[in-house]
There are 2 protein chains.
Amino acid sequence: MTTTTQGDAEARERVLEAADRLFYAKSAHAVGMDELRAEAGVSLKKLYSLFDGKEALVEEVLRRREEAITAATMKYVLRASTPEDQILAVFDWMADSSGTTDFRGCAFINSYAELGPSSERVTAVVRHQKSGVRGAIAAMVAATGRPEWVADSIFLLFEGAMTNTAITVSSEPARQAQVAARFLLEKTA
Amino acid sequence: MTTTTQGDAEARERVLEAADRLFYAKSAHAVGMDELRAEAGVSLKKLYSLFDGKEALVEEVLRRREEAITAATMKYVLRASTPEDQILAVFDWMADSSGTTDFRGCAFINSYAELGPSSERVTAVVRHQKSGVRGAIAAMVAATGRPEWVADSIFLLFEGAMTNTAITVSSEPARQAQVAARFLLEKTA
DNA sequence: TACAGTAGAGAACGAGCGTTCTCCACGGCA
DNA sequence: TGCCGTGGAGAACGCTCGTTCTCTACTGTA
């Protein structure tokens, strides 16, 4: 029946939203399915009818998070006028995001770290997302006509700033990374 | 009695060595105290007589790991002749370390990621170690007379390369970071 | 009103964890 | 030889987790 399918979609959305928030804030293994059930306002039965299990849920949360992050950064990127400023805008996004007290770094790196080599499926997702971010930066850098190693460098600055922003609980690393990226772009102009 | 204290010191060493290896390879929460006991060849009773519990053990492992990493990188750093090459040598260490199949990135970031905000004690240790690495790089850069933002940039490249080396399972990120660091040093000479 | 099927609440289950406790074998001393 | 205390092996405990199962209440239909 179409009505139940409609309700399922809504419940699914609520679960994924709650899972994304809780997994990111406390790390996935620290969030129980029952806590998740309560937060999403759904029954345990429905939870397991919507998803194959916790690992599948983690996988889907990571997949959706890439979309959300891409959308969020795009708002900053598209605001910039020059291609160079577009590249630098991703660090503005990071600096602003770190202002929220629950910023805990890169969700993909965190997932990789907490899972260890135990789940090849999730590791594959993490790898894929990372290459996506890298590809986005590479495309923007390529559009400015600069060599690929510049893109690689900016990507590494991005990664380093993500983890350090989380650990230091400040937007300073994001700003430092932006300074370095700007320098790279200027000297390779 | 001094003899038992002597034996305790040896057992303690074995436990810490095994814990460091297992925690790093599989993440701390995935290693049970019994697995650790077996690996270290020690009884559960002695394990708990030597350490106050798992969290205290994690703390001490992280503290010791900093010493070990510092020593390992120093071997590379001291081999270099110029101050600039000394800075770049840390990326040689990283590239070589990533050759071992069990390289899993920065142990401190991994600990931060898997623990979440649950243990402020361990987070404090992580923060301290990170500022140590950063300080070491800052000192080397300062010795060359370059401004502090260059040190910040190289530190972020270091961090980004550590995580990406682990995720991509290759030494490429370490090399890319070295290229970027060399560029920074040349252009700020 | 009687009934079938669905979905929610939450008990139940088996596994794994950190930690403690019990039991027993062994070695130094009278 | 008999005793005592130390330490090892591992059973036990209490807890939490992911997952499944049971029971009950409800809703739409004849």
Side-chain angles (χ1 to χ4, degrees), chain A residues 1-16 18-20 22-62 111 114-122, chain B residues 1-16 18-20 22-62 111 114-122:
Chain A
M1 308 159 188
T2 54
T3 55
T4 46
T5 306
Q6 160 81 10
D8 281 4
E10 287 172 17
R12 201 181 155 83
E13 198 60 26
R14 279 205 312 279
V15 170
L16 286 169
D20 180 74
L22 293 177
F23 287 173
Y24 180 65
K26 307 164 72 170
S27 86
H29 82 269
V31 178
M33 292 298 263
D34 195 65
E35 179 182 1
L36 183 55
R37 174 208 61 77
E39 189 78 10
V42 85
S43 77
L44 215 44
K45 192 177 207 170
K46 173 146 262 170
L47 184 52
Y48 276 92
S49 79
L50 290 171
F51 300 95
D52 278 346
K54 195 179 187 181
E55 190 176 353
L57 190 46
V58 170
E59 247 186 275
E60 185 136 349
V61 163
L62 288 180
S111 296
E114 73 162 317
L115 279 167
S118 70
S119 170
E120 187 50 46
R121 287 170 62 199
V122 172
Chain B
M1 307 155 187
T2 54
T3 55
T4 45
T5 306
Q6 161 78 14
D8 282 1
E10 288 172 16
R12 201 182 155 83
E13 197 61 26
R14 280 205 311 279
V15 170
L16 286 170
D20 181 75
L22 292 176
F23 287 173
Y24 180 65
K26 307 165 72 171
S27 84
H29 83 267
V31 178
M33 292 298 263
D34 195 65
E35 180 181 2
L36 182 55
R37 175 207 61 79
E39 190 77 10
V42 85
S43 76
L44 216 44
K45 194 177 207 170
K46 172 145 262 169
L47 184 51
Y48 276 91
S49 79
L50 290 171
F51 299 95
D52 277 347
K54 195 178 187 180
E55 190 176 353
L57 189 47
V58 170
E59 246 185 277
E60 185 137 350
V61 163
L62 288 180
S111 296
E114 74 161 317
L115 281 167
S118 71
S119 171
E120 187 49 47
R121 287 170 61 198
V122 172

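Within every chain, numbering begins at 1; the chains are lettered A, B, ... in the order of the sequence lines, protein sequences first and strands thereafter.
Going from atom CG of B:D52 over to atom C1' of C:dG18 covers 14 Å, rounded to whole Å. In this structure, B:K26 places its NZ atom 14 Å from C1' of C:dC17, rounding to the nearest Å. C:dT6 atom C1' lies 14 Å from atom CG of A:L50, rounded to whole Å. B:Y48 places its OH atom 4 Å from the P atom of C:dT19, with the value rounded to the nearest Å. B:L57 has its CG atom 15 Å from the C1' atom of C:dC17, to the nearest Å. Regarding B:D8, its CG atom lies at a distance of 9 Å from the P atom of D:dG8, rounded to whole Å. For the pair A:H29 NE2 and D:dC17 C1', the interatomic distance rounds to 11 Å; values are reported in whole Å. Atom CG of A:L47 and atom C1' of C:dA7 are 14 Å apart (whole Å).
Taken residue by residue, residues 31-43 of chain B places heavy atoms nearer than 4.0 Å to DNA chain C at B:V31, B:G32, B:M33.
Nearest heavy atoms, B:E114 versus A:S27: O-OG, 3.4 Å.
Take A:S119 and apply the side chain to side chain donor-acceptor pair (under 3.5 Å) test, not counting sequence neighbours, and it matches A:E55. Listed by chain and residue number, nothing satisfies the side chain to side chain donor-acceptor pair (under 3.5 Å) test with A:S49 (two or more places apart in sequence, or in another chain). Listed by chain and number, the residues in a side chain to side chain donor-acceptor pair (under 3.5 Å) with A:K54 amount to none (sequence neighbours excluded). Applying the side chain to side chain contact (heavy atoms under 4.5 Å, CB included) criterion to A:A25, with sequence neighbours excluded, gives no partner residue. For B:E59, the side chain to side chain donor-acceptor pair (under 3.5 Å) test picks out B:R63, B:R121, with sequence neighbours left out.
Rounded to 10 degrees, the angle between the two end axes of the helix from C:dT1-D:dA30 to C:dA30-D:dT1 is 30°, with five pairs used at each end.
Atom CZ of A:R12 sits about 11.0 Å away from atom CG of A:L47, to the nearest 0.5 Å. Considering NE2 of B:H29 and CG of A:L115, their distance stands at 7.0 Å, rounded to 0.5 Å. To the nearest 0.5 Å, the span separating CZ on A:F23 from CG on A:L62 amounts to 9.0 Å.
Screening residues 35-61 of chain A for ring-ring contact (aromatic ring centres under 6.0 Å, His included), with sequence neighbours left out, gives no hits.
Between D:dG18, C:dT19, D:dG8, one nucleotide has an atom nearer to the side chain of B:K54 than all others, and that is C:dT19.
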Could you pull out all donor-acceptor pairs under 3.5 Å where a side-chain atom in residues 37-45 of chain A meets a protein atom, sequence neighbours excluded?
from	atom 1	to	atom 2	distance (Å)
A:R37	NE	A:D34	OD1	3.1
A:E39	OE2	A:R21	NH1	2.9
A:S43	OG	A:K46	N	3.1

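Looking at heavy atoms from C-beta onward, B:V61 lies out of side-chain contact with B:Y24 at the 4.5 angstrom threshold.
Checked by atom type and distance alone, the side chain of A:E60 never pairs as donor or acceptor with a backbone atom of A:L16 at under 3.5 Å.
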Which protein N or O atoms sit under 3.5 Å from an N or O of nucleotides 23-26 of chain C?
none

Set out, line by line, the N/O atom pairs under 3.5 Å between protein and nucleotides 12-16 of chain D.
none

